[in-house]
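Here is the structure we will look at.
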Amino acid sequence: MSRLDVRPSRLTFPFVLKSVVGLGDKWLGGMVHGGILKMGLEFDGFVRVSLVDMYAKMELLSLALQLFDESPERNKLDSVLLWNVVINGCCKSGILEKAVELFEAMPERNLGSWNSLINGLIRNGKVDKAVELFEGMVEKNVVSWTTMVHGLSLNGMHEKALEMFFNMIEEEGVRANDLTLVSVLSACAKTGALEAGIKIHKYILGNKFRLNAAVGTALIDMYAKCGQIQSASQVFRDTKEKDVRTWSVMIWGWAIHGSVEQALQCFEKMKLTGIEPDEVAFLAVLTACSHAGLVDEGLKFFDSMKLDYSIEPTMKHCAVIVDLYGRAGQLDEALRFIQCMALTPDFVIWGALFSACRAHKNIEMAKYVSEKLLQLEPKHSGSYVFMSNIYAGVGIWEEVERVRTSMKDKGAAKDTGLSHVEVHGKLHSFVAGDQAHMHTKEIYSKLEEMTNRAREHGYIPETEWVLHNIEEEEKEDALGTHSEKLALAFGLISTGPGVVLRIVKNLRTCGDCHSLMKHVSKLSQREIVVRDIKRFHHFKDGICSCQDYW
DNA sequence: GTAGGGTTAG
């Protein structure tokens, strides 16, 4: 055997270059490029495409473009791939004008060209342009559809993403694949669209898709985030090929539903199965501890991360620890932890302590922490809202006004509370004080009736949750139209007795809404499931699953 | 040798 037999050839380089991309090693890429030049293969069509692709994927766009420009074949037919990889590179680097220009200039296009550009546009927030292009396609394949489903979801348009998916399978008769399913299930999870999720689950079963790790994980996450923790657990059992993400979403699911025991058990079982926890798995188990007030357990996991698995805690892990101490009322320990941590505490860390200051009404520390917050993000409305909430919570209205004025001066705006409720498979959204819904009148009168009945049974509006310094009655009004209450009222008038109401809120639910929900669950004999930004509240018969610890 | 995917704060 001569050495010639193992010399790389024009057929070897594409594979080598692909591996280089996988490794992400720019220096190695340069070396391989050198080898190609030495062998005089730089003008070979196969090698050239791979080389341009490598540079494009490694975000060395100028090199990719240079090689592309120097390609003698680029204006011939059959050069589609060369154009496609360079278009893809432009999209990846966010140079969309160039991508569009190339797309328009190419001698011929294939489906990949369209899909690449659409993907580039939608990932960079150019949704309208992407939709326009998509709709103009003469021929679409499953990749085109998947790109749209995922892209719409990335831009927060989950309902549109779902519509797109059902249009694909029902109207166009295109068969989904794993990637489509994962994308659409993730949209359901983000928005809490249970009915749609169940329909997709049936589609998966009916079309005999294999429940591999990715599809299983997406399904589990969907059920968990739509409030169906038992279904999540069932799919978890059915998913045979579990990887660390599958376990993590399950642990996370138990955590947000307040089942600490299950979360911890799940974590231990994962380790016994031989799967090493990664930083997300630790984040999940720490969150479980924090939600349940298990301070010592949480700290043990935190230490184990470094000692047993050599995982350096990230800012997120530290934030959970601050939260862990903070919720349990150990504010001094939380502060000490921040002062000793290896990373420079960021906004999130101080924010976690700030929430704890609020919950435990420690105004002195809150003042100190709010300064830290405003140093880090002078325009961040959260700090102002936090601070004015603190003062409001203890009734110091002059300070509330002062903070709010200063907030206005700095041009910071409060995040809008937004809730939605799924009725007959369709999502209805509400903002605080919403008057835009077609059933506004009925919603408000139901709300009033609900509040009055609850009042007769001991509900007292917790006005400390309102920000403004206004008269007591007005405060009740401001509370009375929080978005989750409107969603609740709409849910009650639009569904029959016994139907479970599912509400999703983009912020934390306030104490007053929480209290009213408890009463309503008892008075109307309804199960109410509220998902707020961090966890689930299952209201039944006047009791909440969070046991008021949240 | 080109196009699309699953877990992460409060």
Side-chain angles (χ1 to χ4, degrees), chain A residues 10-11 13-15 17-18 21 44-54 56-57 79-89 91 110-120 122-123 141-151 153-154 176-186 189 212-222 224-225 239 243-253 278-284 286-287 290 314-320 322-323 326-327 346-356 358 382 386 415 506-508 532-535 550:
Chain A
R10 55 185 293 268
L11 299 172
F13 276 114
F15 295 103
L17 288 164
K18 205 175 175 180
V21 173
D44 178 86
F46 266 66
V47 175
R48 174 65 60 139
V49 172
S50 307
L51 202 50
V52 174
D53 185 44
M54 176 196 76
K57 287 210 172 115
S79 61
V80 189
L81 291 185
L82 186 62
W83 288 79
N84 284 357
V85 296
V86 77
I87 287 175
N88 227 359
C91 290
N110 65 9
L111 258 169
S113 325
W114 288 82
N115 291 341
S116 289
L117 186 61
I118 288 174
N119 183 41
I122 208 158
R123 270 175 190 264
N141 65 5
V142 65
V143 179
S144 325
W145 289 96
T146 307
T147 304
M148 290 305 295
V149 171
H150 184 239
S153 199
L154 277 179
N177 62 20
D178 287 5
L179 280 74
T180 330
L181 294 171
V182 163
S183 301
V184 72
L185 285 168
S186 152
N212 60 21
V215 175
T217 303
L219 256 180
I220 296 162
D221 189 42
M222 181 278 291
K225 297 228 171 87
T239 306
D243 63 15
V244 68
R245 295 195 204 188
T246 320
W247 288 92
S248 294
V249 293
M250 196 64 242
I251 298 167
W252 209 277
D278 63 1
E279 53 171 74
V280 180
F282 270 109
L283 209 50
L286 288 173
T287 303
S290 127
T314 66
M315 205 70 89
K316 288 178 182 173
H317 297 97
C318 294
V320 179
V322 173
D323 196 46
R327 280 164 194 272
D346 69 353
F347 190 86
V348 175
I349 300 280
W350 291 113
L353 182 56
F354 201 90
S355 305
R358 179 193 172 167
F386 272 153
D415 287 346
N506 69 336
L507 306 172
R508 253 187 58 168
D532 71 10
I533 192 161
K534 63 168 312 180
R535 65 167 302 152
W550 94 99

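Every chain is numbered from 1, with letters handed out A, B, ... down the list of sequences.
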* Short side-chain N/O contact to dA9(B) OP1/OP2 from His317(A), under 4.0 Å -> no

* Asked: Would you say the base of dG10(B) and the side-chain of Asp323(A) have a donor-acceptor pair closer than 3.5 Å?
  -> no

* Asked: Reckon Val143(A) touches a base, only the sugar-phosphate, or nothing at all at heavy-atom distances under 4.0 Å?
  -> base

* To do: Taking Ser186(A) for its side chain and Val182(A) for its backbone only, find out whether a donor-acceptor pair lies under 3.5 Å.
  => no

* Asked: Heavy atoms under 4.0 Å, any strand shown: does Ala284(A) hit a base, just sugar-phosphate, or nothing?
  -> nothing

* Asked: Of all the nucleotides listed (dT7(B), dG6(B), dT2(B)), which has the minimum atom distance to the side chain of Lys18(A)?
  -> dT2(B)

* Name the nucleic acid region contacted by Thr246(A), choosing base, sugar-phosphate or nothing; use a 4.0 angstrom heavy-atom cut-off, strictly under. => base

* Backbone of Val149(A) reached by a side-chain donor or acceptor of Ser153(A) within 3.5 Å -> no

* Proximal nucleotide (of dG4(B), dG1(B), dG10(B)) relative to the Phe46(A) side chain -> dG1(B)

* Structure fact -> Taken to the nearest whole Å, CG/Asn141(A) to P/dA3(B) is 12 Å

* What is the distance, rounded to the nearest whole Å, between atom CG of Asn110(A) and atom C1' of dA3(B)? -> 9 Å

* Which part of the nucleic acid, if any, lies within contact of Ala214(A), taking any heavy atom under 4.0 Å across all strands shown: a base, the sugar-phosphate backbone alone, or nothing? -> base

* **d(CH2, Trp350(A); P, dG10(B)) in whole Å** => 17 Å

* To do: Write down the distance between CG (Leu111(A)) and P (dG4(B)), rounded to a whole number of angstrom.
  => 13 Å

* Can you figure out which of dG4(B), dT2(B), dT7(B) approaches the side chain of Thr147(A) most closely? => dG4(B)

* Asked: With a 4.0 Å cut-off on heavy atoms, is Val142(A) in touch with a base, just the backbone sugar-phosphate, or nothing at all?
  -> base

* Name all residues meeting the side chain to side chain donor-acceptor pair (under 3.5 Å) criterion together with Asn84(A); count only those two or more places apart in sequence or in a different chain, and write none if there are none. => Asn110(A), Ser113(A)

* Asked: Between atom CG in Leu117(A) and atom C1' in dG4(B), what is the gap in whole Å?
  -> 14 Å

* **Nearest-Å distance for atom pair CG/C1', residues Asn115(A) and dA3(B)** => 5 Å

* Closest to the Leu81(A) side chain, choosing from dT2(B), dG6(B), dT8(B) -> dT2(B)

* Would you say Lys57(A) reaches dA3(B)'s phosphate, i.e. side-chain N/O to OP1/OP2 under 4.0 Å? -> yes

* Side-chain N or O of Lys316(A) less than 4.0 angstrom from OP1 or OP2 on dT7(B)? -> no

* **Nucleotide nearest Val348(A) (side chain, heavy atoms from C-beta), chosen from dT2(B), dG10(B), dA9(B)** => dA9(B)

* To do: Give Val49(A) one of three labels, base, sugar-phosphate or nothing, depending on what nucleic acid heavy atoms sit under 4.0 Å from its own.
  => base

* To do: Looking at every strand, decide which applies to Asp243(A) at a 4.0 Å heavy-atom threshold: base, sugar-phosphate, or nothing.
  => base

* To do: May I ask you to say what Asn88(A) touches in the nucleic acid, namely base, sugar-phosphate or nothing, with a heavy-atom cut-off under 4.0 Å?
  => sugar-phosphate

* Asked: Is Ser116(A) reaching over with its side chain to a backbone N or O of Gly112(A), donor-acceptor style, under 3.5 angstrom?
  -> yes

* To do: Output yes when a side-chain donor or acceptor of Asp221(A) lies under 3.5 Å from a complementary backbone atom of Ala224(A), and no otherwise.
  => no

* To do: Whole angstrom is fine here: how far is it from CG in Asn84(A) over to P in dG4(B)?
  => 11 Å

* Ile533(A) side-chain proximity, nearest of dG10(B), dG6(B), dT2(B) -> dG10(B)

* Output all residues satisfying ring pair (Phe, Tyr, Trp, His ring centres under 6.0 Å) with Trp252(A), sequence neighbours left out; order by chain, then residue number. => none

* Send over the distance from Leu11(A) CG to dG1(B) C1', rounded to a whole Å. => 11 Å

